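Working notes for the structure below.
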Amino acid sequence: MSTAISFEGVSKTFEVKGRRVDALRDVQLEVERGTVFGLVGYSGAGKSTLLRTVNALERPTAGRVVVDGAVVSELQGAALSRARQRIGMIFQQFNLLQSRNVYRNVAYPLALAGVPKAEIVDRVEELLEFVGLTDKALSYPAQLSGGQKQRVGIARALATRPDILLSDEATSALDPQTTGEVLDLLRRANAEYGVTILLVTHEMDVIREIADRVAVMQDGQVVETGSVYDVFSAPLAATTQRFVSSVLHHVPGADALERIKRVHHGRLVQIHVENRESNDPFLSRIARRHDVDFNVVYGGVSELQSRLFGTLTVELLGDDLDVEAAIRDIREATGVSELTHA
Amino acid sequence: MRDLDLEALLPKIWAGLAQTLQMVTVSFLLAAVLGVLLGIVLYATRKGNILENRVVFGVLNAVINVVRPIPFIILIVAISPLTRVVVGTSIGTEAAIFPLTIVAAISIARIAETNLVAVDPGTIEAGAAMGARPLRVLLTIVIPESLGPLVLGLTYILVALVDATAVAGVVGGGGLGNLALTYGWQRFDFFVMATVIVLLIVLVQVLQLLGNLVARKVMHAR
Ligand SMILES: Nc1ncnc2c1ncn2[C@@H]1O[C@H](COP(=O)(O)OP(=O)(O)O)[C@@H](O)[C@H]1O
Ligand SMILES: [Mg+2]
């Protein structure tokens, strides 16, 4: 696989009334062609600024951004214009032209690219069919729902058959049901047209739904990056852990843990479970061998990218030495962490 | 008591109406073209915009700020030498059209500029992201997007022009307003005045309705 976008030591400092804001600090990141890549982080982390360097709406103060071999961060004039026609973009507030109907909104980038009129008609028809708005061609944006507006936005962004689609919080203004529909559409665009999608969101659910890979941003830096499965199943950075626990409830929070400890006085361990190749019922095997009892007090298992993973919080009851031996055996089979000391 | 009966009055009212309509339409059309162009220049020469130019913006802005607060009746007199140069005379309906056009154009310039500035920056950014260069963005996004509210602003000026034509009587501009003033004020003929007032009300209502209709047509807001 080749690289669609690479951020090479990208920094951006805004200067507002003598105050300096380091929106991006030395970001190093590569986005593979054909993937859906998510950028997640709290508000102000620098996600939008990073995304906007890809089509040079924002210019880095240091470093460079390379898209399909071209250094977009240094392009100007007509060359920049042509590069932008290869990069679609959708927005949180849709940014449709209110004075044009749906048809003419979608036709806009085609006319800009110099596509002949007859071809535009066919292409717009095709796009409206793709986003399911054939019957709304003559409606104006003010007459559409939020979800419909974003679908027009997607049709417009895909019109010139771009290699890359940028999405800045495209579902953040939509309700959960509509968000699902829009994400489905993006997934289809990725699958059917092979467009590389770089999407910014503050919602971990969106990442889980659609992304292949994810980068977590904080204070202008990428603090963690990896496949969505890896990041969700074993988050490393504290920010990532907070984001993951906002959507997955596999481990008890501080309050729940307090309550558990008040009731359960045995040794508490967290056992990592994931897709296992073997059929070995290792927990009951170990329990029988060491004559200890397992008491599951908390837990959760999720499926991501067709793989299972989760965590069980378990109380071990039995003779101290037996419990110790049992923990050793479990550790051989999978990941374990201790919540109490004997 | 009345030195005018209805039969003698009617032709005068028709003539007044015709003069008013002539003054309003001609000055409005001229002012709309001139004012919108000036508004676009103001917008484009603003800081950070495509034709950024501090001198042009500064001068235009100052002229508008100076002329706008001058009461119309004073402006007519003040610019009458200029009127004589441009129109050839400073008396009569045609001569009244010149100052009417000037005040209307200056107000329209400001209204157009305000509406252009108010265009959602998101749509401008979307245009840039699609690869539209600044001039293209101005012509195909900023101006069309500002048109809806601009039509409402233009309607406001159209109605204000009807009002201003009454004052144009000062330079012999004639019109309905002048008729009402001459008969109502100088001869205490309230019948003539009432007739003219009713006509003016109807005229303003029709113009407002027309403006709203056109605005709805270009705004597409439901
Ligand atoms: N045009 C700008 N001028 C000044 N500061 C900006 C500008 N754009 C973004 N910033 C600042 O840069 C930081 C990152 O912003 P942004 O990229 O929008 O964050 P996010 O999208 O993650 O919420 C914030 O502190 C923000 O205030
Ligand atoms: Mg943002």
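Keep in mind it's a predicted model, so treat the numbers as computed, not measured. Throughout, a chain's letter reflects where its sequence line sits, starting with A, and its residues are numbered from 1.
Against chain B, the residues from residues 36-58 of chain A that qualify, each with a non-hydrogen atom under 4.5 angstrom away, are R52(A), N55(A), L57(A) in number order. Within residues 141-168 of chain B, the residues approaching chain A closer than 4.5 Å by heavy atoms are, in numerical order, I141(B), P144(B), E145(B). Using a 4.5 Å cut-off between non-hydrogen atoms, the part of residues 66-93 of chain A that approaches chain B consists of G77(A), A78(A), S81(A), R84(A), Q85(A), I87(A), M89(A), F91(A).
Sparse packing is recorded around CD of E129(A), with 12 or fewer heavy atoms of other residues, nucleotides or ligands lying under 6.0 Å away.
Distance CG/N95(A) to CD1/I124(B): 10.0 Å, rounded to 0.5 Å. Here the OG1 atom belonging to T123(B) is positioned 9.5 Å from the OH atom belonging to Y108(A), to the nearest 0.5 angstrom.
Scanning for side-chain hydrogen bond (donor to acceptor under 3.5 Å, both in side chains) contacts around R46(B) gives E113(B), with sequence neighbours left out.
For the pair A111(A) and R136(B), the tightest heavy-atom approach, listed with the atom from each and the gap, is O-NH2, 3.8 Å.
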